[in-house]
Amino acid sequence: MTTASTEGAAAVRAQSLARGAAGAALLAVEHARRGSGSWQEVHAALAACTTDLVADESAGLYTGAPAVAFALHTAAGDSDRYARALHQLDARIIHLTTRRLEQAHARIDCGQRPLPREFDLFYGLTGLGAYLLGRNPNAPVLREVLDYLVRLTRPLDRDTDRLPGWWTPAAPAAGTGPEFGDGHANLGMAHGIAGVLALLSLTALRGTAVDGQLQAIRYICAWLDQWRQTGSSGPWWPQWITLTEHRTGSVARPGPRRPSWCYGTPGLVRAQQLAARALGDTARQNAAEGALLSCLADPAQLARVQDAGICHGAAGLLHTAHQVARDALTDAFAAHLPRLRTLLHDQVHPQETGFLEGSTGPALAVLADRSCGRTASGWDLCLLTGPQ
């Protein structure tokens, strides 16, 4: 590899919210916004990820220009910090979002199924919508994203199986085998419909809604109800649904799996809690919160947490539990938080500095825990658990 290409690859890695400098900068920003860190450290952290910004088809909330823009936005807050850079980046991100929307609608018009990168939180239009929500809830392009997500929930025309519109022909990243030969429907926050539900609900709670949005929220909730499983330790949801499972109405895999933000009960509960609040549905909210309380009371589920990270580890579990507790109709979550703090403390913390699976995520979760789950910078908007 030539020096130029090596430098280019390093710049792209730096622009990763998940594993690169963009994500690591969130910790310096949070400290500065709390008054426990210097803005010089923030400037240095952000400078490490602002070279040769990527705004092509590979860019999304967790990679490229949108990831860097999100880090800058958390630093700016309501101030004029980085105003010029953010103005320029917003224009590029709006252009990117518009292009991606055109491609998505053309795909639906042709009756083709989406790849997760079209709509998911990490790389797709849900993630771009989360960024736009943070920047300007009244932006016309955000309403265009919501229009698309409403359309995404509807089955394709002439689909005899009446599969949900987010059914993808690809196998999940963590799944292989012949059962995925006809694709799958992903339930998770990171790559599936829970992330879509969370964005639709957060925007509605902030007063930004389009025609059909509440109906789409109800449709997703009903679909999640269909796949809600009940075990000895309470309700749980599978990570994904195969075509055979769709046709038989029965889940073939055991559960529940580890309680995580990305695929597990905590993330799915937060999305459904937000949906229930957007709909004014207290029965649904009680049911969602009860599912998480059952999860947190189950030592076998907590024992499946084997790392400290935000994505599928103890930091993500603690922070998501805080967000659910803050909006809950019950104060029962308070009794579980000490156990979750101990669980995070007892994990082996990673050496790398990434946000999702590195040391940045746990450090941010610990800081938020000291403030009853609240953040100073709003970094958790990239998880769609908050802020509101």
Side-chain angles (χ1 to χ4, degrees), residues 11-33 42-43 45-56 58-97 100 117 120-137 139 141-142 145 189-190 195 198-199 202-203 206 261 310-311 316 319 353-358 360-361 363-365 368 375-388:
V12 171
R13 286 195 300 273
Q15 295 167 41
S16 169
L17 202 61
R19 296 181 173 86
L26 297 179
L27 182 58
V29 169
E30 181 69 11
H31 273 298
R33 293 285 301 272
V42 171
H43 300 331
L46 292 173
C49 60
T50 54
T51 302
D52 299 326
L53 293 181
V54 176
D56 61 15
S58 67
L61 177 60
Y62 275 73
T63 185
V68 175
F70 181 81
L72 289 170
H73 168 70
T74 63
D78 295 327
S79 75
D80 60 357
R81 298 186 195 96
Y82 308 110
R84 181 179 178 183
L86 280 167
H87 178 74
Q88 295 173 341
L89 283 168
D90 283 346
R92 296 178 70 179
I93 292 168
I94 289 171
H95 178 73
L96 170 66
T97 303
R100 298 275 289 274
R117 294 181 71 94
D120 74 4
L121 175 61
F122 279 13
Y123 307 108
L125 284 158
T126 295
L128 293 172
Y131 172 78
L132 294 166
L133 174 62
R135 294 294 293 150
N136 179 8
V141 70
L142 175 58
V145 171
M189 286 286 277
L199 180 62
L202 278 171
T203 52
R206 290 196 185 183
W261 163 79
I310 280 282
C311 188
H319 192 68
T353 59
F355 167 65
L356 274 186
E357 298 180 33
T360 295
L364 285 167
T375 75
S377 62
W379 59 262
D380 52 352
L381 181 59
C382 72
L383 302 176
L384 288 178
T385 59
Q388 293 181 48

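These numbers come from the heavy atoms of this one structure, side chains and all, not from hydrogens, waters or symmetry mates.
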My understanding is that only residues two or more places apart in sequence, or in another chain, count here; which of them pass side-chain hydrogen bond (donor to acceptor under 3.5 Å, both in side chains) with [X]?
X: R100; result: none
X: Q15; result: none
X: D80; result: none
X: T360; result: none

Item checked: Chi angles and distances behind the side chain to side chain contact (heavy atoms under 4.5 Å, CB included) call for L26, L17 -> CA-CA 9 Å; L26 297 179; L17 202 61; 4.1 Å; yes

Check: How long is the gap from CG on L128 to OH on Y123, to the nearest 0.5 Å?
Finding: 13.0 Å

Is the closest side-chain heavy-atom distance between [X] and [Y] below 4.5 Å?
X: E357; Y: R19; answer: yes
X: L142; Y: N136; answer: no
X: L384; Y: T126; answer: yes
X: L133; Y: L381; answer: yes
X: T97; Y: L132; answer: yes
X: L53; Y: R92; answer: yes

Check: Any idea which heavy atoms bring T375 and A368 closest together, and the distance?
Finding: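 The answer is CG2-CB, 4.3 Å.
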
Item checked: Non-hydrogen atoms of A14 and C49 that approach each other most closely ->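 For A14 and C49, the tightest heavy-atom pair comes out as O-CB, 3.3 Å.
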
Check: How are the rings of W379 and F355 set to each other: parallel, tilted or perpendicular (split at 30° and 60°)?
Finding: perpendicular

Notebook entry, point to check: By salt bridge (charged side-chain N to carboxylate O under 4.0 Å, His left out), which residues pair with R33, not counting sequence neighbours?
Noted result: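 Checked R33 against salt bridge (charged side-chain N to carboxylate O under 4.0 Å, His left out); zero matches.
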
Next item on the list: Please collect all ring pair (Phe, Tyr, Trp, His ring centres under 6.0 Å) contacts where either partner lies in residues 74-95, sequence neighbours excluded, each pair once.
Entry: H43-Y82

Item checked: Residue pairs involving residues 58-70 (criterion salt bridge (Lys or Arg N to Asp or Glu O under 4.0 Å); sequence neighbours excluded) ->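 As it turns out, there is no salt bridge (Lys or Arg N to Asp or Glu O under 4.0 Å) pair with a partner in residues 58-70 once direct neighbours are skipped.
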
Margin query: Show every salt bridge (Lys or Arg N to Asp or Glu O under 4.0 Å) that has at least one partner inside residues 61-77, sequence neighbours left out.
Written below: none

Notebook entry, point to check: Residues two or more places apart in sequence or in another chain: which of them pass side-chain contact (heavy atoms from CB on, under 4.5 Å) with S58?
Noted result: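 Testing S58 for side-chain contact (heavy atoms from CB on, under 4.5 Å), a comparison that skips the adjacent residues, returns V54, D56, R117.
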
Next item on the list: Could you pull out all residues at least two apart from A363 that satisfy side-chain contact (heavy atoms from CB on, under 4.5 Å)?
Entry: L27

Item checked: Backbone of L383 reached by a side-chain donor or acceptor of D380 within 3.5 Å ->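 Between the backbone of L383 and the side chain of D380 there is no qualifying donor-acceptor contact (under 3.5 Å).
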
In residues 59-78, what donor-acceptor pairs under 3.5 Å come from side-chain atoms, sequence neighbours left out?
| residue | atom | partner | partner atom | Å |
| --- | --- | --- | --- | --- |
| Y62 | OH | C382 | O | 2.9 |
| H73 | ND1 | R135 | NH1 | 3.3 |
| H73 | NE2 | G134 | O | 3.3 |
| T74 | OG1 | A71 | O | 2.7 |

